[in-house]
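Naming: A, B, ... by sequence-line order, numbering from 1 per chain. In what follows, every heavy atom counts, from backbone to side chain, and hydrogens, waters and symmetry copies are set aside.
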Amino acid sequence: MASNCTSSTQSRGRKRKSQQTQSTSSKTKKPTQEISDLTSDQSQYTSVKHISKNVKKDNAERLDYSFFDVPCEDLAEALLGQTIVRICDGKRLSGKIVETEAYLGSIDKAAHSYKGKKTDKNTAMFMPPGTAYVYNIYGMYCCINISSKGDGAAVLIRALQPLDNLETMDEFRTKGKDGNSFLKKEGVGLCNGPSKLCQSLNIKKDSINKLDMCTSDQIWLEKNDTVCKDAIVKCKRINIGYAEDWVDKPLRFYILGNKYVSVRDKPAENEMSTK
DNA sequence: CCTCAGATGCACT
DNA sequence: GTGCATCTGAGGA
């Protein structure tokens, strides 16, 4: 164990130096995207600077289209360590992404877009890279994905290490129940699952599905850690038992040793320590 | 640590 | 009607 790259997390409140790589590459062309069913005018927010003060992080570099416009598996890995930000009633709710899953599109039997099937529900999977795909599941829950390069390909966000305004996130999570709080456990339990993090960040299909995360003022990503390859566990995805020969493909990624991950895969971890 | 059932609503055959 | 890219609490090893 003990990967010598300490990108992962548990250092108590220690500052890490964020390398300010001035992104010179934000000029990638972006296809136009239909936003006809959005009520708010998605005006042209292109950088965090335009967001109101109380939610802006100093030195935060917003991730742009060129970050998302890569193959699905690459995006799933690149997302690890980055911060997802959700603005709710003027409050900044955020977390570091620590676990993802890639859904590759028409070839992938576990993907909602398998065989290129396009429906009202999964339209966002076919929209430009950086589009949020939110769907309802099991009646009471929802999950969020981010579309990548490749038709129908998207990355499911499975777990976050909560960062800002944990009290508010805790309220969203425990609303309607009595007394439960995850604050005493350093926020473990708040966002360690795809639907838990949607509850914590108040992400719902109605408000977030099809939003362009490159330009939205409600949800976006910021550059945070770069996680070194040695600290990324690759293993099979969760709860896709119906997907036949795709069940065992190593398309789930998480940060080794991070306690905010939803489910560990010990065999996969053992495998990497003997290499 | 583990497995299990129940909650709950919508998209799709 | 069926089946979910889930979560929770209860009960057992």
Nearest whole angstrom, please: distance from the [atom2] of [N] to the [atom1] of [X].
X         : N      : atom1 : atom2 : value
Ile137(A) : dC4(C) : CD1   : C1'   : 5 Å
Arg158(A) : dT6(C) : CZ    : C1'   : 9 Å
Asn145(A) : dT6(C) : CG    : P     : 11 Å
Leu156(A) : dT6(C) : CG    : C1'   : 11 Å
Tyr141(A) : dT8(C) : OH    : P     : 6 Å
Glu244(A) : dA5(C) : CD    : C1'   : 16 Å
Ile146(A) : dA5(C) : CD1   : P     : 19 Å
Glu99(A)  : dA5(C) : CD    : P     : 16 Å

TODO: Go through dA5(C), dT8(C), dT6(C) for me and flag the one nearest to the Lys196(A) side chain.
DONE: dT8(C)
Open item on the list: By nearest atom, which of the nucleotides dT6(C), dC4(C), dT8(C) is closest to the Tyr242(A) side chain?
Closed with: dC4(C)
Task: Pairs touching residues 120-138 of chain A that satisfy salt bridge (Lys or Arg N to Asp or Glu O under 4.0 Å), sequence neighbours left out - done: none
Open item on the list: Near DNA chain C, counting only heavy atoms under 4.0 Å, which residues of residues 247-254 of chain A show up?
Closed with: none
TODO: Go through residues 109-118 of chain A and report each residue with a non-hydrogen atom lying under 4.0 Å from DNA chain C, sorted by number.
DONE: Ala110(A), His112(A)
Task: Side-chain N or O of Arg173(A) closer than 4.0 Å to phosphate OP1/OP2 of dT8(C) - done: yes
Open item on the list: Going by the rule side chain to side chain contact (heavy atoms under 4.5 Å, CB included), which residues pair with Thr168(A) if we only count those two or more places apart in sequence or in a different chain?
Closed with: Lys91(A), Leu93(A), Asn165(A), Phe172(A)
Task: Between Tyr254(A) and Glu269(A), a side-chain donor and acceptor under 3.5 Å - done: yes
TODO: Please determine, by modelled atom types, if Glu244(A) and Tyr242(A) share a side-chain donor-acceptor pair under 3.5 angstrom.
DONE: no
Open item on the list: Taking any heavy-atom pair under 4.0 Å as a contact, classify Arg237(A): base, sugar-phosphate, or nothing.
Closed with: nothing
Task: Side-chain cluster (under 4.5 Å, hydrophobic types only) that Leu251(A) belongs to, other residues - done: Leu104(A), Ile107(A), Trp246(A)
TODO: Give me the other members of the hydrophobic cluster that Leu163(A) sits in, counting Ile, Leu, Val, Met, Phe, Trp and Tyr linked by side-chain heavy atoms under 4.5 Å, directly or via other members.
DONE: none
Task: Cation-pi, Phe253(A) ring and Lys234(A) (6.0 angstrom, 45 degrees) - done: no
Open item on the list: Only Watson-Crick and G-U wobble pairs with both distances less than 3.5 Å should count. Give DNA chain B in dot-bracket notation, marking inter-strand partners with |.
Closed with: |||||||.||||.
Open item on the list: If you assign each of Lys121(A) and Tyr138(A) to its closest nucleotide in DNA chain B, which residue comes earlier from the 5' end?
Closed with: Tyr138(A)
- [ ] Tell me, please, which residues at least two apart from Asp248(A) pass salt bridge (charged side-chain N to carboxylate O under 4.0 Å, His left out).
- [x] Lys236(A)
Task: salt bridge (charged side-chain N to carboxylate O under 4.0 Å, His left out) involving Asp245(A) - partner list, sequence neighbours excluded - done: Lys109(A)
TODO: Tell me, please, which residues at least two apart from Phe182(A) pass ring-ring contact (aromatic ring centres under 6.0 Å, His included).
DONE: none
Open item on the list: For a 4.0 angstrom threshold against heavy atoms of chain A, report the outermost contacting nucleotides of DNA chain B in 5' to 3' order.
Closed with: dA7(B) to dT13(B)
Open item on the list: Closer than 4.0 angstrom, basic N to acidic O: yes or no for Asp64(A) and Lys223(A)?
Closed with: no
TODO: Flag the pair Glu99(A) and Arg158(A) as a salt bridge only when some basic side-chain nitrogen lies within less than 4.0 angstrom of an acidic carboxylate oxygen.
DONE: yes
Open item on the list: With rounding to the nearest 0.5 angstrom, report the OG1 to CG distance, Thr83(A) to Asn224(A).
Closed with: 3.5 Å
Open item on the list: If stacking means aromatic ring centre less than 5.5 angstrom from the base's six-membered ring centre, planes under 30°, is Tyr103(A) stacked on dA5(C)?
Closed with: yes
Give every donor-acceptor pair under 3.5 Å between a side-chain atom in residues 70-81 of chain A and any protein atom, sequence neighbours left out.
| residue | atom | partner | partner atom | Å |
| --- | --- | --- | --- | --- |
| Glu77(A) | OE1 | Lys229(A) | NZ | 3.4 |

